[in-house]
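Reviewing the structure listed below.
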Amino acid sequence: MVGRVIADVEILDARLVQPVDPRDVRGAMRGRRVEAIDRRGKYLLIRLEGDLVATHHLRMTGSFAVPPKSPVPTHVRLRYLLAERVHPVLYNDPRRFGTLVVATMAETDAHLDARLGPEPLGADWDATSLHRAIHHRTAPIKALLLDQRVVAGLGNIYVDEACFLAGIPPQAAGDRITRPMAARLVTHVRARLEEAIDVGGSTLRDYRGVEGEIGGMRERFLAYGRAGLPCLVCGMTMRGTRIAGRGTTWCPRCQPAVRAR
DNA sequence: CTTTTTCCCTGGACGC
DNA sequence: TGCGTCCAGGGAAAAA
């Protein structure tokens, strides 16, 4: 899309852009050239000429498809028609959790800055900054890592994976996470994210790459979704519970309870 | 202030 | 096969 002019935007599901009138979004984007596409946390930013940003969030089931390399998906909610290109870029989202906001750069930055902490793959996120952000908190470490203001971009899968690899039980309170433990979390969050990116993401059911590809990460899960199954490291039965409203899996042997202070 | 719970939404899995 | 029920989860909003 970068460098091309958006000839038109067809919004097939008005709820995608609520509470804004879909006609305003269409009118604002039409005829503008795409200058760049960026990401902040889980937000996808389509930067348009003339100080305008289209901010997509895919939630769990959103994906972009680029025919004809990709098959046309079954739940297309929006079509970007590009000048001098036959096939539109499609936004697909069976469950309609995804969102789209169109705003100026300043409005977009303000919106994101209020919601997002440091990037997990960025230089400013390290053991010290994580420890500082959570050492006074009593919520479980899993809830804190899912909090996008603590660190931007982690979801349920990667938090379970990182806690497992770091040997820290997900229910451990933030104020019991020592600096060395924070260092292990940072290391394993980074390693797991980079590995997932390399293999094309974690398709569970709906996620697809723009050419329809299924992500390769789901065969590599060590913790996520393995409750009741043997731990791939020690063989003990993995336990399942609910933390921060999310299904949570951990190994009682590899992630022993943190000692009270 | 922090933390927890509820809600949104739909397709797939499962039981009968 | 068909129907009902439950579950998955990111983030906003409400409740505690």
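Side chains are part of it too, since the values below use all heavy atoms of this structure and drop only hydrogens, waters and symmetry mates. What you see is a predicted model, and the numbers here were worked out from it, not measured in a lab. So that the names make sense, note that chain A is the first sequence line, chain B the second, and so on, each numbered from 1.
Remark: C1' of C/dA12 and OH of A/Y43 are 9 Å apart, rounded to the nearest angstrom. Distance, A/D93 CG to B/dC9 P: 12 Å, rounded to whole Å. Distance CG (A/L116) to P (C/dA12): 9 Å, rounded to an integer number of Å. The CG-C1' distance, from A/L154 to C/dG11, rounds to 15 Å in whole Å. A/M60 has its CE atom 16 Å from the P atom of B/dC7, to the nearest Å. Between the CG atom of A/L146 and the P atom of B/dT3 there is a distance of 14 Å, given to the nearest Å. Here B/dT2 presents its P atom at 13 Å from NE2 of A/H135, a figure rounded to the nearest Å. At whole-Å resolution of the value, CG in A/N92 and P in B/dC9 are 18 Å apart.
Residue A/Y224 places none of its side-chain N or O atoms closer than 4.0 Å to OP1 or OP2 of C/dA8. Remark: A/R77 is not in phosphate contact with B/dC9, judged by side-chain N or O atoms under 4.0 Å from OP1 or OP2. One finds a side-chain N or O of A/R15 lying less than 4.0 angstrom from the OP1 or OP2 phosphate oxygen of B/dC9. Dashed line: the shortest gap from a side-chain N or O of A/Q148 to OP1 or OP2 of C/dG11 is under 4.0 Å.
Residues A/T138 and A/F97 each lie close to DNA chain B; by heavy-atom proximity, the contact nearer the 5' end of the strand is made by A/T138. Residue A/H136 is the one, among A/H136 and A/H75, whose nearest nucleotide of DNA chain B lies closer to the 5' end (criterion: closest heavy atom).
Each of A/L130, A/L144, A/I134 was evaluated against A/I177; a single residue qualifies, A/I134, per the side chain to side chain contact (heavy atoms under 4.5 Å, CB included) test.
Distance CD/A/E49 to CZ/A/R33: 6.0 Å, rounded to 0.5 Å.
In this structure, A/R95 is positioned above the aromatic face of A/F97, its NZ or CZ under 6.0 Å from the six-membered ring centre and within 45° of the axis.
In this structure, the nucleotide among B/dT10, C/dA8, C/dG10 sitting nearest to the side chain of A/R242 is C/dA8. Among the nucleotides B/dT2, C/dG11, B/dC9, the one closest to any side-chain atom of A/R246 is C/dG11. Counting only heavy atoms from C-beta on, A/R59 has its side chain closest to C/dG10 among B/dT4, C/dG10, C/dA8. The side chain of A/N156 has C/dG9 as its nearest neighbour among C/dA12, B/dT2, C/dG9. With B/dT3, C/dG11, C/dG9 as the candidates, the nucleotide lying closest to the side chain of A/R95 is C/dG9. The side chain of A/P94 has B/dG11 as its nearest neighbour among C/dA12, B/dT2, B/dG11.
Note on ring orientation: taking the six-membered ring where Trp is involved, the planes of A/F64 and A/Y80 are parallel (angle under 30°, cut-offs 30° and 60°). Between A/F221 and A/Y224, the ring planes are perpendicular. Angles over 60° get that label, and only those under 30° would be called parallel.
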